[in-house]
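As structure tokens, the structure follows; a few thoughts come after it.
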2 protein chains.
Amino acid sequence: MTEVVHHDVYSAIADPTRRQVLGILAGGEYSVTALTSHFTVTRPAVSKHLAILREAGLVTERKMGRERRYRLRAEPLKEVRDWTERFEQFWIAKLTALEKHLEKES
Amino acid sequence: MTEVVHHDVYSAIADPTRRQVLGILAGGEYSVTALTSHFTVTRPAVSKHLAILREAGLVTERKMGRERRYRLRAEPLKEVRDWTERFEQFWIAKLTALEKHLEKES
DNA sequence: TTGACACGTAACCATCTAGTTTCATATGAT
DNA sequence: ATCATATGAAACTAGATGGTTACGTGTCAA
């Protein structure tokens with residue numbers, strides 16, 4: 001890992017474990033240990049993934065006694081959705097072509 | 001680069017150069033050399049990026065004489081859009097909270 | 001105050017990544 | 001036939017990435 005400097009939202013969600021973390025956090029607030037129970041990797045590994053997600057602004061943390069609770073912060077995903085949607089017309093065009101082809105066949 | 005085995009759509013779009021390539025290809029078909037003129041990296045680097053994009057199903061190629069023309073294939077981006085949109089309610093909730101706050105202020 | 005628990009961080013490692021230069025091959029032009 | 005152009009692939013490199021184990025510190029419980 002060795003999360004150095006950058007880590008934008010795109011590279012943050014490139015890792016499947018991190019995407020899964022976000023999926024779990026969609027269900028509420030979790031401590032590192034609680035999160036770790038969902039994975040096969042060790043607790044420090046999850047901790048590092050959380051650091052990367054925090055760097056990308058995708059999670060926030062708050063101290064609760066000796067725990068540290070992580071919470072989803074979805075805003076940065078809007079950027080990804082928007083960028084992706086720029087290409088929507090292209091896959092729609094392809095589907096339309098397919099539909100036309102199927103119409104011609106029937 | 002050394003694009004090995006996996007390269008799903010998420011890691012394919014994690015690289016800013018590759019996202020830019022897709023943006024350019026949204027404007028039509030391009031040869032490798034034509035694409036390279038938009039970047040500072042060398043032609044083989046662009047070629048490798050294209051190989052990764054092809055592996056992720058995001059571009060298709062066709063031979064045109066001695067050229068090889070690359071074309072956008074946006075379909076795999078639908079998966080990213082869908083995954084991202086699962087979280088839409090969360091950023092909307094945040095905006096709603098902000099709106100409420102602003103309403104209270106005014 | 002002594003111990004157990006939760007957590008981040010350091011040190012280390014194997015592998016992947018993005019880039020380079022060099023080379024081989026196919027195709028088009030003279 | 002000869003030469004230039006377009007491209008992929010090979011060999012190599014520095015640095016990033018994902019993982020581990022070991023350790024230090026803060027906090028709750030006896």
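Numbers restart at 1 for each chain; the letters A, B, ... are given by sequence-line order, proteins then strands.
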Rounded distance in Å - [atom1] ([X]) to [atom2] ([N]):
| X | N | atom1 | atom2 | result |
| --- | --- | --- | --- | --- |
| R43(A) | dT20(D) | CZ | C1' | 12 Å |
| K48(B) | dA6(D) | NZ | P | 21 Å |
| K63(A) | dA6(C) | NZ | C1' | 10 Å |
| D15(A) | dT15(C) | CG | P | 18 Å |
| E67(B) | dT27(C) | CD | C1' | 11 Å |
| H49(B) | dT17(C) | NE2 | P | 12 Å |
| E55(B) | dC16(C) | CD | P | 13 Å |
| R68(A) | dT25(D) | CZ | P | 15 Å |

With side-chain hydrogen bond (donor to acceptor under 3.5 Å, both in side chains) as the rule and sequence neighbours excluded, what pairs involving residues 19-34 of chain A come up?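 Listed once each, the pairs are E29(A)-R62(A), E29(A)-R69(A), E29(A)-R71(A).
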
May I ask you to evaluate whether [X] reaches the phosphate of [N], defined as a side-chain N or O under 4.0 Å from OP1 or OP2?
| X | N | result |
| --- | --- | --- |
| T42(A) | dT20(D) | yes |
| S47(A) | dG8(C) | yes |
| Y70(B) | dA6(D) | no |
| Y30(A) | dC7(C) | no |
| H7(B) | dC16(C) | no |

Give me the one residue out of V32(B), V46(B), I24(B) that meets side-chain contact (heavy atoms from CB on, under 4.5 Å) with Y70(B).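 Running side-chain contact (heavy atoms from CB on, under 4.5 Å) over V32(B), V46(B), I24(B) with Y70(B) returns exactly one hit, V32(B).
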
Of the listed nucleotides ([options]), which one gets closest to any side-chain atom of [X]?
| X | options | value |
| --- | --- | --- |
| P44(B) | dT9(C), dG19(D), dT21(C) | dT21(C) |
| R66(B) | dA22(D), dG26(D), dT5(D) | dT5(D) |
| E61(B) | dT7(D), dG8(D), dA6(C) | dG8(D) |
| A45(B) | dA29(D), dT7(D), dT20(C) | dT20(C) |

Just checking F39(B): base, sugar-phosphate only, or nothing, at a heavy-atom cut-off of under 4.0 Å?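 Answer is nothing: F39(B) stays at 4.0 Å or more from every strand.
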
Under 3.5 Å, is there a donor-acceptor pair between the side chain of R68(B) and the main chain of K63(B)?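 Judged by distance alone, no pair lies under 3.5 Å.
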
Heavy-atom closest contact (V59(B) atom, L22(B) atom, distance):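 Here V59(B) and L22(B) meet closest at CG1-CD2, 4.1 Å.
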
For A74(B) versus F87(A), what's the shortest heavy-atom pair and its separation?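 Smallest heavy-atom distance, with atoms named: CB-O, 3.8 Å.
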
